[in-house]
Each structure stands twice: as C-alpha cells, then as structure tokens.
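Report on one structure; see the data block that follows.
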Amino acid sequence: MTSRMTFDVVGQGAVTVSLVNAVIAGWTGRDQAAVDHHIAELQAIGVAPPSCVPLFYRVGSELITQAKVIETVGATTSGEIEPLLLDDGETLYLGLGSDHTDRDLEAHSVALSKQVCPKPVATSLWRFDEVCDHLDQIELRSFVRDGDSSDWVAYQDGAMAKIRPLAELAARCPLAAGQTRLQAGTVMMSGTLGVLSGGVRPSRYFKMVMHDPILSRSITHAYECRALPVIN
C-alpha cells in the first residue's frame, strides 16, 4: 500500500513523498548496557527479550501519520521518540517520529504490537547530508503528560550517540539500497532511548524534540492519544 505525505524540508521547501515501505528498527542501542537497560524495562512489563539485536520490524506504510491526534484500542499504549530515515529515491532525509506501541500486546508479540498503532511523525525533515558529520551530537528528548492542565514531564533524554550509527542501520535494513540509502519510498524508525524514571508507561499526550546544537535548529511534534474502549 502506498500513501502520499508532504513534509517541509528545512532550507529547501515542501516535498511530497510516496511512502511504500515502513520499518521499525528495534534494539539499536550502541552501548550494550543501554540495550540491556531497555530490555529490562520491557521485561518488567512482560516483554520477552529479543532473539538478536538489532531487529527490523515491518509495519504498514499507512500507519505513518502526521496527525496531532491518534486513536488506539485500550489505554495501555505509549510513545517512544525515534530518529527516522526517509528516502524518496532521490534524497535521504532525517526526521523524527514516535514508535507508538501497544504494551499489553507487546508482552505477547513485539512485532504485532508495533503493527497495530499509528506512528506519529513530525512534519519537518533535514537533509541527511547536512547532518551526517555530527549525528552523534544531535539531541533527543520526549515528554509526557496525562491531562490538559498537567505539566509536561521529561520522559526520555539523550544524544544520538546512544543509538547505533544511522548509516549502519540503513545498510543492515532489509530494504537497503546501497551502503547509506534505503529503497525509494521507505521510512525507517531507528530506535529509541531508555526512560528516565518510572518505567515505560502510557500517557494521554506525548511530545518529542530533536535538536541540532551545531546548526541551531530543532524539529518538534506533539500528539494526543485517545483510547477507544475495549469490547470483550
């Protein structure tokens, strides 16, 4: 299935991409201790450890959304900030997304848990060739809150240096097209950071920020998750 989506490429203008493939790269921490920490976080909520790392999960391209409101079944889903790579066949871009996941289903099947939730993404992109020489210095932060009047609470915080090099992940992706490119129309989320405190948990609102301290610019996206009732 193909979906068309328009992004604002900073310094370039609007670009419309036909999304054909979507991939979620999991267990991508560069530091094994950090990977073990995230595995332990998920084991605490009943998720079995991965068979190998990293893993690449396929999801429907129609799950990629720029919406500011998503709907999920039940109230046990949560977001994860992730840098993403998007290749339109001519240019490779860096963007920002949330691998929103059903945590109850994750205890049964990680692959299925990733295939049942929308994947919110920011509307802005950076050209990968503009940032590839300082990727490790790019900062990722996410925040959660449960109500309209609640304060944002820091949820994740770290530099891209904590994630395997994105070029390496692109090369290892099943939909790779050369050493640093993906097949045309492919978007790949590239892994997340551990939670600061309190463990993986759902929230009504999720906000994510990717900041480039070298070029002094940021990409931000926030969305609301509305839980639909579970019918037994």
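Residue numbers run from 1 in the order of the sequence given.
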Consider only side-chain heavy atoms of I, L, V, M, F, W and Y, link residues closer than 4.5 Å, and tell whether [X] and [Y] are in one cluster.
X	Y	answer
Tyr57	Met188	yes
Val10	Leu140	yes
Met5	Val69	no
Ile70	Val116	no
Leu55	Leu112	no

Qualifying residue, where the test is side chain to side chain contact (heavy atoms under 4.5 Å, CB included) with Gln115 and the options are Thr101, Val59, Val110: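 The residue from Thr101, Val59, Val110 that satisfies side chain to side chain contact (heavy atoms under 4.5 Å, CB included) with Gln115 turns out to be Val59.
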Test side chain to side chain donor-acceptor pair (under 3.5 Å) on Thr76 and Asp104; report intermediate values, then the result. CA-CA 6 Å; Thr76 59; Asp104 274 357; 3.3 Å; yes
Going by heavy atoms in the side chains, are [X] and [Y] under 4.5 Å from each other?
X	Y	result
Pro120	His221	yes
Val121	Met189	yes
Pro83	Leu94	yes
Phe206	Cys225	no
Pro54	Arg172	yes
Leu85	Leu92	yes
Pro165	Leu135	no
Arg141	Glu139	yes

When rounded to the nearest 0.5 angstrom, what distance separates [atom1] in [X] from [atom2] in [Y]?
X	Y	atom1	atom2	result
Leu175	Phe56	CG	CZ	10.0 Å
Thr123	Phe7	OG1	CZ	8.5 Å
Arg4	Ser61	CZ	OG	12.5 Å
Thr91	Leu86	OG1	CG	10.5 Å
Leu96	Ser218	CG	OG	10.0 Å
Ile24	Glu82	CD1	CD	6.0 Å

If you group Ile, Leu, Val, Met, Phe, Trp and Tyr whenever their side-chain heavy atoms sit less than 4.5 Å apart, what else falls in with Phe143?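 For the cluster that includes Phe143, the remaining residues are Trp152, Tyr205, Val209.
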With clusters built from Ile, Leu, Val, Met, Phe, Trp and Tyr whose side-chain heavy atoms come within less than 4.5 Å, directly or transitively, what are the remaining members of the cluster of Leu196, listed by chain and number?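 None; Leu196 is a cluster of one.
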How far apart are the closest heavy atoms of [X] and [Y], and which atoms are they?
X	Y	value
Pro229	Val73	O-CG1, 4.4 Å
Tyr155	Val200	OH-CA, 3.4 Å
Ala184	Gly89	CB-CA, 3.6 Å
Ala227	Gly74	CB-O, 3.2 Å
Thr28	Gly191	OG1-CA, 3.1 Å
Ser78	Pro202	CB-CA, 3.8 Å

Sequence neighbours excluded, which residues qualify as side-chain hydrogen bond (donor to acceptor under 3.5 Å, both in side chains) partners of Thr72?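 Counting only residues at least two positions away or on another chain, Thr72 forms a side-chain hydrogen bond (donor to acceptor under 3.5 Å, both in side chains) with Thr77.
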Does the Arg217 side chain pair with the main chain of Leu215, one donor and one acceptor, at a distance under 3.5 Å?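 Side chain of Arg217 to backbone of Leu215: no pair is present.
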Answer yes or no: is there a donor N or O on one side and an acceptor on the other, between the side chain of Gln156 and the main chain of Ile81, under 3.5 Å?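 Flag set: sc Gln156 to bb Ile81 pair under 3.5 Å.
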Does this structure show an ion pair linking [X] with [Y], if we count only N-O contacts that are shorter than 4.0 Å?
X	Y	result
Asp99	Lys114	yes
Arg30	Asp136	yes
Arg103	Glu80	yes
Lys68	Glu224	no

Take atom NE2 in His134; do more than 12 heavy atoms of anything else shown fall under 6.0 Å from it?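 Yes.
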For Asp133, does the CG atom have more than 12 heavy-atom neighbours from other residues, nucleotides or ligands under 6.0 Å away?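 Yes, CG of Asp133 has more than 12 neighbouring heavy atoms, counting only those of other groups under 6.0 Å.
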With salt bridge (Lys or Arg N to Asp or Glu O under 4.0 Å) as the test, would you mind laying out the steps for Arg127 and Glu90 before giving the verdict? CA-CA 11 Å; Arg127 289 179 59 99; Glu90 296 183 2; over 6 Å; no
Centroid-centroid under 6.0 Å between His100 and Tyr223 rings: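 Here the rings of Tyr223 and His100 have centres that are less than 6.0 Å from each other.
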Please enumerate all residues that pass ring pair (Phe, Tyr, Trp, His ring centres under 6.0 Å) together with Tyr93, with sequence neighbours excluded.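 Expected list: none.
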Write out all pairs satisfying side chain to side chain donor-acceptor pair (under 3.5 Å) with one or both partners inside residues 180-191, taking only residues at least two apart or from two chains.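 Those involving residues 180-191 are Asn21-Thr186, Asp87-Arg181.
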Derivation and outcome, side-chain contact (heavy atoms from CB on, under 4.5 Å), residues Lys119 and Thr65: CA-CA 6 Å; Lys119 307 299 182 188; Thr65 178; 5.8 Å; no
Could you go through Arg201 and Val144, starting from their C-alpha distance and side-chain angles, then the distance that decides it, and tell me whether this counts as side-chain contact (heavy atoms from CB on, under 4.5 Å)? CA-CA 9 Å; Arg201 61 191 185 277; Val144 296; 4.0 Å; yes
Sequence neighbours left out, what passes side chain to side chain contact (heavy atoms under 4.5 Å, CB included) with Thr6? Give chain and number order.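 Expected list: Ala14, Thr16.
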Give the C-alpha distance, both sets of side-chain angles, the deciding distance and a yes or no for side-chain contact (heavy atoms from CB on, under 4.5 Å) between Leu63 and Cys117. CA-CA 7 Å; Leu63 294 178; Cys117 291; over 6 Å; no
